[in-house]
Amino acid sequence: MNQLEPTNVAIALASVLFGPALAALVGPYAVILIASTVGAAWALGRRDPSARLGAAGYFLRLNLTALLVTWGLATLAGRWLDIDETNWMLAPIALLVGGVGDDWPRLGRWLFERAGRVLERKAGGDGGAA
């Protein structure tokens, strides 16, 4: 695939530094790390200024989380959307993982509530109307 997207660009740049064989591994993870760092910077901006002293640990935690889950999430999204090539999804998913920051529990509750409403409508419930 010869598209100009972040993962392909990172692989091309990494091939200059590490050679083609290693670049195929380094490039995608470089994209994940860069995108999650940008997202973590956004999330850090939402934090209480007194909590910003631990910014390095915060970035490390979010970057490691993105490195661990982004590839799997891209693969799951690709299967759900019936897309074979999912490398282009790595940057936006890593950006989202970093950008959500410490709000994952709140996002999870929101998604769970939305899914419950959809299931209730499909089951013929009134959706909580009084």
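The minimum heavy-atom distance linking Tyr58 with Ala43 is given by the pair OH-CB, 3.1 Å.
Leu81 and Leu76 end up in different hydrophobic clusters when Ile, Leu, Val, Met, Phe, Trp and Tyr side chains are linked at under 4.5 Å. A single hydrophobic cluster is seen to contain both Ile93 and Trp80, as judged by linkage of ILVMFWY side chains at heavy-atom distances under 4.5 Å, directly or through other members.
Listed for the Thr70 side chain is no donor-acceptor partner under 3.5 Å among the backbone atoms of Leu67. With hydrogens and angles disregarded, no donor-acceptor distance shorter than 3.5 Å links the side chain of Arg46 to the backbone of Asp103.
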#### Entry: Test side chain to side chain contact (heavy atoms under 4.5 Å, CB included) applied to Leu95 and Trp42, step by step
CA-CA 9 Å; Leu95 183 69; Trp42 289 350; 4.2 Å; yes
### Task
Dump the intermediate steps for side chain to side chain contact (heavy atoms under 4.5 Å, CB included) on Ile83 and Met89, then the final yes or no.
CA-CA 10 Å; Ile83 297 172; Met89 288 189 223; 4.0 Å; yes
#### Entry: Worked check of side chain to side chain contact (heavy atoms under 4.5 Å, CB included) between Val97 and Leu73
CA-CA 10 Å; Val97 169; Leu73 290 174; 4.3 Å; yes
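Note that CZ of Phe18 and CG of Leu13 are 10.5 Å apart. Values are rounded to the nearest 0.5 Å. Here the straight-line distance linking atom CZ of Phe112 with atom CG of Leu107 works out to 14.0 Å at 0.5 Å rounding. Note that the CD1 atom of Ile11 and the CG atom of Asn87 stand 6.0 Å from one another [nearest 0.5 Å]. Here the CG-CG distance, from Leu62 to Asp102, works out to 6.5 Å after rounding to the nearest 0.5 Å. Between the OG1 atom in Thr7 and the CG atom in Leu90 there is a gap of 4.5 Å [rounded to 0.5 Å]. Taking CG of Asn8 as the reference point, atom CD of Glu85 lies at 7.0 Å (rounded to 0.5 Å).
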Contacts under 3.5 angstrom, residues 22-36 side chains, donor-acceptor by atom type, not counting sequence neighbours:
{"from": "Ser36", "atom 1": "OG", "to": "Ile32", "atom 2": "O", "distance (Å)": "3.0"}
{"from": "Ser36", "atom 1": "OG", "to": "Leu33", "atom 2": "O", "distance (Å)": "3.2"}
{"from": "Ser36", "atom 1": "OG", "to": "Asn63", "atom 2": "OD1", "distance (Å)": "2.6"}

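Surrounding CH2 of Trp104 are more than 12 heavy atoms belonging to other residues, nucleotides or ligands, all under 6.0 Å away.
With sequence neighbours excluded, no residue forms a side chain to side chain donor-acceptor pair (under 3.5 Å) with Arg114. Residues passing the side chain to side chain donor-acceptor pair (under 3.5 Å) test with Arg79, sequence neighbours excluded: none.
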